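For reference, the structure discussed in these notes is given below.
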Amino acid sequence: MPQYPNRQFLDFEAPIKALYEEIEVNKSLAENNSNVDYTGIVKQLEDAIIAKREDITANLTSWQKVQLSRHPDRPYSLKYFSKIFDDFTELHGDRNVKDDKAMVGGFASLDGETVMVIGQQKGINTKMRQVRNFGMANPEGYRKALRLMKLAEKFNKPIITFIDTPGAYPGIEAEERGQGEAIARNIFEMMRLKVPVICIIIGEGASGGAMGIGVGDKVLMLENTWYTVISPESCSSILWRSWNFKETAAEQLKLTSDYMSQFGLVDGVIPEPKGGAHWDYDLAAQMVKDYIKPLLAELKEIPAAKRIRNRIDKFGSMGFYDEA
Amino acid sequence: MATEKSKQFDDFENQIAGESFVEGITEEQRTKFFSRNEKGITTGTNEKKEIPDGLWVKCPECKYTSTTMELKENLFVCPSCNYHHRIGSDEYFDILFDNKEFTRLFDNIKSKDFLNFVDLKPYKKRLEDYWKKSDLHDSLSVAVGNVEGLPLVVACMDFEFIGGSLGSVMGEKICRAADYSLEHHIPLMIVSKSGGARMMESAFSLMQLPKTLGRLSLLADAGIPYISLCTDPTFGGTTASFSMVGDIILAEPKALIGFAGPRVIKETIKKDLPEGFQRSEFLLEHGFLDAIVDRKDLKVTLGRFLKHFKN
């Protein structure tokens with residue numbers, strides 16, 4: 001992860017930035033005054049940073065959690081692939097139109113066991129953000145994902161998907177090539193996959209774009225992520241007819257991991273390092289790994305037909321209505 | 001003309017927001033002659049023809065003016081330019097089922113405001129207003145009957161009800177319709193007419209995608225045909241789920257069908273959209289529809305498909 005001063009800070013992270021600045025001041029003082037020991041005060045400040053990180057995430061609003069899920073320093077799919085698994089081997093292309101760089105995937109080894117990992121990928125700098133299309137896949141991205149899932153099914157490898165997208169790309173070519181059909185087909189086919197499927201929302205879980213790789217026996221959310229039918233900004237623009245109500249929309253949509261788990265719409269919440277996954281990639285990856293390993297073992301015990309039926313029934317029970 | 005088009009593009013978003021902010025001809029104005037003003041009117045279909053003279057409907061495409069009666073007899077298709085007016089589930093059931101005979105199913109399922117969602121208006125209030133002004137229960141109705149002598153379960157959306165939005169009730173009713181099909185070995189058809197997900201139900205509305213597709217996968221396993229008919233408009237959550245996985249996918253002429261709304265695409269790419277973009281003809285050309293069917297041919301066409309599946 002980037003180290004200070006290359007770190008980026010959200011507005012509510014400003015107190016942490018102030019502490020880093022203080023450390024810098026003390027370090028430069030130490031360079032100039034070799035007879036005074038500054039290690040104590042620097043250590044104190046470093047501890048203060050960790051305490052502050054915890055402090056800040058303890059009372060976040062829904063909108064602040066949305067911001068955290070989009071933190072520019074946050075780890076993306078490929079980061080998790082490399083830190084959780086060994087021997088990640090990327091596979092490209094949908095065998096039809098092209099290779100969508102917003103969707104990545106391939107074989108990887110989870111402590112010796114081969115799995116198929118798939119996820120949306122955002123860029124880590126301005127140039128790569130464009131290459132990755134900001135994590136917004138086109139139909140060929142979803143079709144690539146489906147191709148890899150079918151490949152995994154054929155060779156009986158479990159599938160783990162990493163969801164992080166502001167949505168499926170809304171473009172002319174995307175519509176020409178059937179964005180809706182691609183997502184629908186993925187959901188339909190994922191429902192019937194004979195192998196265990198775990199889906200993890202690691203950042204943004206925006207609507208159909210997320211659901212296109214989001215049907216699993218276990219669907220999990222990282223602590224500081226969101227998952228719902230529309231982004232708070234778009235919801236604000238449609239329902240409030242103005243872009244200015246994104247905070248209210250975020251509250252109303254109840255899109256954070258705690259709500260989603262409470263509603264039973266996701267199967268679990270994976271904790272993040274203090275202050276968010278962007279503070280410690282190794283620890284964040286370890287926390288994900290620790291969470292999914294026993295789940296995967298558990299899922300593998302269930303016969304395939306039963307697993308599929310459970311999947312259909314799980315999603316089948318979601319919804320609220322009155323019955324007269 | 002261009003502005004009128006873009007108005008039509010925005011139309012379904014406005015509907016989903018629950019109000020029509022579009023100036024000029026709104027959906028409500030356009031179809032209010034076909035919808036019931038009051039709740040609980042039980043006029044028989046035959047008597048319905050006796051609409052007082054003097055009610056005229058202007059075609060939004062060609063401005064041709066016809067009487068409501070003339071339009072109704074023509075299945076709400078403009079006699080001059082073949083523009084397909086938006087109609088509701090009652091009209092589709094009458095058009096499709098033999099002798100207009102059918103049994104309505106699952107009308108007892110009603111929406112509820114589980115999340116206490118409040119935008120400019122509380123969702124609860126919004127629902128109550130809709131129930132007051134129409135006799136629709138929600139944005140989807142299900143009925144079973146015969147089409148050209150063969151049984152068919154039809155789940156049909158009503159755009160009039162919060163923009164035909166996909167919420168928990170629509171999802172549940174589609175699942176039950178699929179269960180009914182499965183139990184009785186009757187093919188299923190879904191008539192889509194929706195602006196997309198019901199935002200007031202947040203993630204619950206998103207979960208209706210896997211929920212319905214899971215159930216449809218059981219139909220597929222049992223070898224029961226599923227036909228999707230896309231009408232104007234079919235967008236968002238419907239396109240990204242059941243509307244696009246039919247064994248047969250049909251559409252009415254010139255229906256606007258897509259994943260992302262045209263306004264969103266236009267704002268994203270900052271370019272004008274090509275003529276005919278996201279219309280049925282565009283989808284047919286790009287390989288996403290089996291056929292475009294005029295409303296007057298719909299029943300016969302369906303009958304033919306049902307026979308092919310059966311024989």
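Given the structure is predicted, the values throughout are model-derived calculations rather than measurements. A note on names: the letters A, B, ... follow the listed sequences, proteins ahead of strands, and every chain is numbered from 1.
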Do you know which of A/E176, A/M191, A/E323 has the most heavy-atom pairs with chain B at a distance under 4.5 angstrom? A/E176

Specify which of B/D221, B/V169, B/T212, B/N116 makes the most heavy-atom pairs with chain A at under 4.5 Å. B/D221

Counting only heavy atoms not in B/E267, do more than 12 fall under 6.0 Å of its CD? yes

Cut-off 4.5 Å, heavy atoms of chain A, and the answer for B/F282 is side chain

Looking at A/L253, A/D313, A/I308, A/D322, which has the largest count of heavy-atom pairs under 4.5 Å with chain B? A/D322

Most contacts with chain B, counted as non-hydrogen pairs under 4.5 angstrom, among A/G205, A/A182, A/G208, A/S207: A/S207

Between CD1 on residue A/I187 and CE on residue B/M244, distance to nearest 0.5 Å: 13.0 Å

A/M211 versus chain B, heavy atoms under 4.5 Å apart: side chain, backbone, both or neither? side chain

Contact leader toward chain A among B/A203, B/S202, B/G214, where contacts are heavy-atom pairs under 4.5 Å: B/S202

For B/K211 and A/M318, indicate whether the former's side chain and the latter's backbone hold a donor-acceptor pair under 3.5 Å. yes

Are B/R263 and A/S237 side-chain neighbours, meaning at least one heavy-atom pair lies under 4.5 Å? yes

For A/R309, is it the side chain, the backbone, both, or neither that has a heavy atom closer than 4.5 Å to a heavy atom of chain B? side chain

Okay, B/E201 and chain A: the region with an atom under 4.5 Å from a heavy atom over there is both

With a 4.5 angstrom heavy-atom cut-off, which part of A/M260 approaches chain B: side chain, backbone, both or neither? side chain

Is the closest side-chain heavy-atom distance between B/N108 and A/Y321 below 4.5 Å? no

Whatever's closer than 4.5 Å to a heavy atom in chain A on B/L218 counts as side chain

What option among B/V118, B/T268, B/L209 has the most heavy-atom pairs under 4.5 Å with chain A? B/V118

Best-contacting candidate, A/L255, A/I172, A/I183, against chain B by heavy atom pairs under 4.5 angstrom: A/I172

Between CD of A/E189 and OG of B/S217, what distance do you get to the nearest 0.5 Å? 9.0 Å

Proximity breakdown for A/R192 and chain B, heavy-atom pairs closer than 4.5 Å: side chain

Students often mix this up, so state it plainly: with edges at 30° and 60°, are the rings of B/F114 and A/F263 parallel, tilted or perpendicular? perpendicular

Classify the ring geometry between A/W240 and B/F117 as parallel (under 30°), tilted (30 to 60°) or perpendicular (over 60°). tilted

Got a second to check how far B/Q278's CD is from A/E175's CD, nearest 0.5 Å? 4.0 Å

Is there side-chain contact between A/E181 and B/F259, with at least one heavy-atom pair below 4.5 Å? no

Under a 4.5 Å heavy-atom cutoff, which of A/G178, A/S317, A/G167 has the most pairs with chain B? A/G178

Kindly indicate, with the supporting measurements, whether the criterion side chain to side chain contact (heavy atoms under 4.5 Å, CB included) is fulfilled by B/L213 and A/M190. CA-CA 10 Å; B/L213 286 173; A/M190 284 186 89; over 6 Å; no

Closest contact, heavy atoms only, A/G316 versus B/E172: O-OE1, 4.4 Å

Which portion of A/I230 sits near chain B, non-hydrogen atoms under 4.5 angstrom: side chain

From A/Y259, A/F315, A/F320, residue fulfilling ring-ring contact (aromatic ring centres under 6.0 Å, His included) relative to B/F204: A/F320

Nearest heavy atoms of B/I269 and A/G171, plus distance in Å: CG2-CA, 4.3 Å

Is there a side-chain contact between B/L206 and A/Y227 in this structure, where contact means two heavy atoms from C-beta onward sitting under 4.5 Å apart? yes

Chain B: which of A/V229, A/N186, A/V215 shares the most heavy-atom pairs with it under 4.5 Å? A/V229

